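Some notes on the structure that comes next.
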2 protein chains.
Amino acid sequence: MPKTRATQTDIARRAGVSQAMVSYVVNGNTRVSIPDETRRRIEAVMEELGYVPNALARGLRSGQTRTIGLVVPDNTNPFFAEIARRIENLGYEKGFSVILCNSDYDLAKENAHVDVLLAKQVDGVIFCASGGSGGAQQRLLASKTPVVTIDHDISNQRDETVLIDYRLGGYLATRHLLEQGHRQIGCITGPRALSSSAGRLTGYRDALKESGLRADTALTVPGDFRIQGGEAAALKLLRGRRRPSAIFAFNDLMAIGAMQAARILGLSVPADVSIVGFDDIPLAQAIYPALTTIAQPISEIARLAMEVFFKQIRGGVSATATPAGPSVVLKPALITRSSTAPFAR
Amino acid sequence: MPKTRATQTDIARRAGVSQAMVSYVVNGNTRVSIPDETRRRIEAVMEELGYVPNALARGLRSGQTRTIGLVVPDNTNPFFAEIARRIENLGYEKGFSVILCNSDYDLAKENAHVDVLLAKQVDGVIFCASGGSGGAQQRLLASKTPVVTIDHDISNQRDETVLIDYRLGGYLATRHLLEQGHRQIGCITGPRALSSSAGRLTGYRDALKESGLRADTALTVPGDFRIQGGEAAALKLLRGRRRPSAIFAFNDLMAIGAMQAARILGLSVPADVSIVGFDDIPLAQAIYPALTTIAQPISEIARLAMEVFFKQIRGGVSATATPAGPSVVLKPALITRSSTAPFAR
DNA sequence: CTGAAAGCGCTTACAG
DNA sequence: CTGAAAGCGCTTACAG
């Protein structure tokens, strides 16, 4: 067993050819026609020495690393887990690896991660912003690295984004509740700075207004997109003096927390309180009662994000003097299950 | 704006110093004392040009990439999501990135991923094996890359492993059910080749035997560690001619699927059928009824895995002529919640 | 203290 | 068809 990993030079020496020849067969270079005999000999030695190409050297030389940076707030959230899964998979199929970064909804961390990704010369980054426009955006912009932003609408001159119509989602959720006769509808938001959260809020208010109702600020409480936060927020809502008969949680995890809160207070879902979530994670239909929610087309989002990404790196990075603003906007859909019921009190 | 990213040479030229000087200040090299004035000038230019070190070049030269490969079967499973989260976090704190790979319980894919990780010169890999001993193990061994294996007991001369006592977990789950008076206890396993699954099965059988019962093969059905698979398996179990009064699912996801199956059949949990899971994912306590399960100390597992990893890379890779077999074995614990109840029929 | 230089492993024109 | 060589951006002895 060799002390260190075999290099092309090692192979070349052993096969009695030049190092360039080895590189050619490794890369299946067609511009040069290598006699079968030579090729076979080289391949034999490669096998024998257990040759593994050094991607660092290759990347340094070629300027391509076949690596994607993926920044999500929290890979533990089933929505992002699913995104990560699909990005990873799609990447794998095309020979790309993904570096996973959790920003934790923290701008400073987000920036730190982006710096590392830049240093590692990733070919691009898929970005689920944690809110606001931190320095990360500028840094990425300046570096001319292809970026696809998901789940957050940052309008700048160059980034590609794939979004869903969050306002519509918030509107659909709320209207569903209104149609069921609910009038006191609470909502549990996400981090304020996130446009994905802001959009849902607008939709919520729009639906209320359409029905001649005004959003009661006491019925809007902030959440953190996690189960715990949803539970705490719902507890506050359900213990308030104007108890809502329905709650719209801005994601499924918080909706699950809200269901737990109802249980704690001895309230039945949906008899006493209806609950709507957002995302349609796989669990939504597996829990009891099955969660009514707004479905995001997760696989579509991931697929499009990767498509856009590949188009960018193919077209050449700086060739992206193309469109400003959102490239793609997908439509969410209401999925009615059993966590919502007509108002009856 | 420069056409390409600034390099140390660019900085040096602009600051009127040699490139080596730049490298020294970038790395805070102390073996050389640079006058404050020079240092400041260099730093100013770095700032001005937005210098980001090229990790590829650095890695190629230094033989260290500060990158960890993480191979899990499915990052969408909350157990692995949590592992990934913590590994990523611990790595981040020490300046390491993680490349995420899903093996999908597929040996071929696992191998392909390992090859890529090796090519990318990761400093080590954290491995949640997908079952059996594929070529991945050998490849890793041959490459002398530090490896920490979680969740699967591969006994070889060099790998470090951090495991929990799966047999004990299976035993505890089953005994709990037995103590509740259940005699017909079904179990939903995971992929056969996985030692983590095999261990649970042994524990299940041991507990049965201890109570003078024999494992009825008709009551052991294979699952896939996913909700769907758990549901299908439970359906089979509950529709069989010898309907079990209790089910031990080898992970929480399948337990959730089993609960759904019970619901489909109009069976109540735990009144008609008790269900125990394994893992204690955050959801276990959030769903209804709250899931009785065997808790794996996830954060402990991740912490130890990283600790072992850092010890390995610190000690120097091949200095690991140390212990064979499992380095650490943690104990699981039964968490009793409301998905299990005394047998009464 | 500072600079010139080797070399990490590769790709890719450029000559023979 | 084949080889010698430059150069990607860095770190790190080695001389001055």
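Keep in mind that this is a model prediction, so the values were computed, not measured. In what follows, chains carry the letters A, B, and so on, assigned in the order in which the sequence lines appear, proteins first and then strands, with residues in each chain numbered from 1.
A:Val26 comes within 4.0 angstrom of nothing in the nucleic acid, heavy atoms only. Base engagement by B:Ser23 is indicated by at least one non-hydrogen atom pair under 4.0 Å involving a base atom.
Side-chain N/O atoms of B:Lys120 and B:Thr67 include no donor and acceptor closer than 3.5 Å. A donor and an acceptor atom, one from each side chain of B:Thr145 and A:Arg5, are located under 3.5 Å apart.
Here B:Asp123 does not pair with B:Arg66 in a salt bridge; the nearest charged N to carboxylate O distance is not below 4.0 Å. A salt bridge links A:Arg303 with A:Glu300: the distance from a Lys NZ or Arg NE/NH1/NH2 to an Asp or Glu carboxylate oxygen falls below 4.0 Å.
Closest to the side chain of A:Met21, from the set D:dC10, C:dT2, D:dG3, is D:dG3. Listed nucleotides: C:dT2, C:dC10, D:dC10. Nearest to the side chain of A:Pro53: C:dC10. Of the listed nucleotides (D:dC10, C:dG9, C:dT2), C:dG9 has the atom at the smallest distance from the side chain of A:Leu60. The nucleotide whose nearest atom lies closest to any side-chain atom of B:Ala20 is, among D:dA4, C:dA5, D:dC10, C:dA5.
Residue B:Ala57 is the one, among B:Tyr24 and B:Ala57, whose nearest nucleotide of DNA chain D lies closer to the 5' end (criterion: closest heavy atom). The 5' end of DNA chain C is approached more closely, in terms of each residue's nearest nucleotide, by B:Gly16 than by the other of B:Gly16 and B:Ser62.
Here D:dG3 sits opposite C:dC14 as a Watson-Crick or G-U wobble pair (both hydrogen-bonding atom distances under 3.5 Å).
Close to C:dG3, at under 4.0 Å from its OP1 or OP2, lies a side-chain N or O of B:Ser18.
In this structure, the CG atom of B:Asp10 is 10 Å from the P atom of D:dC8, given to the nearest Å.
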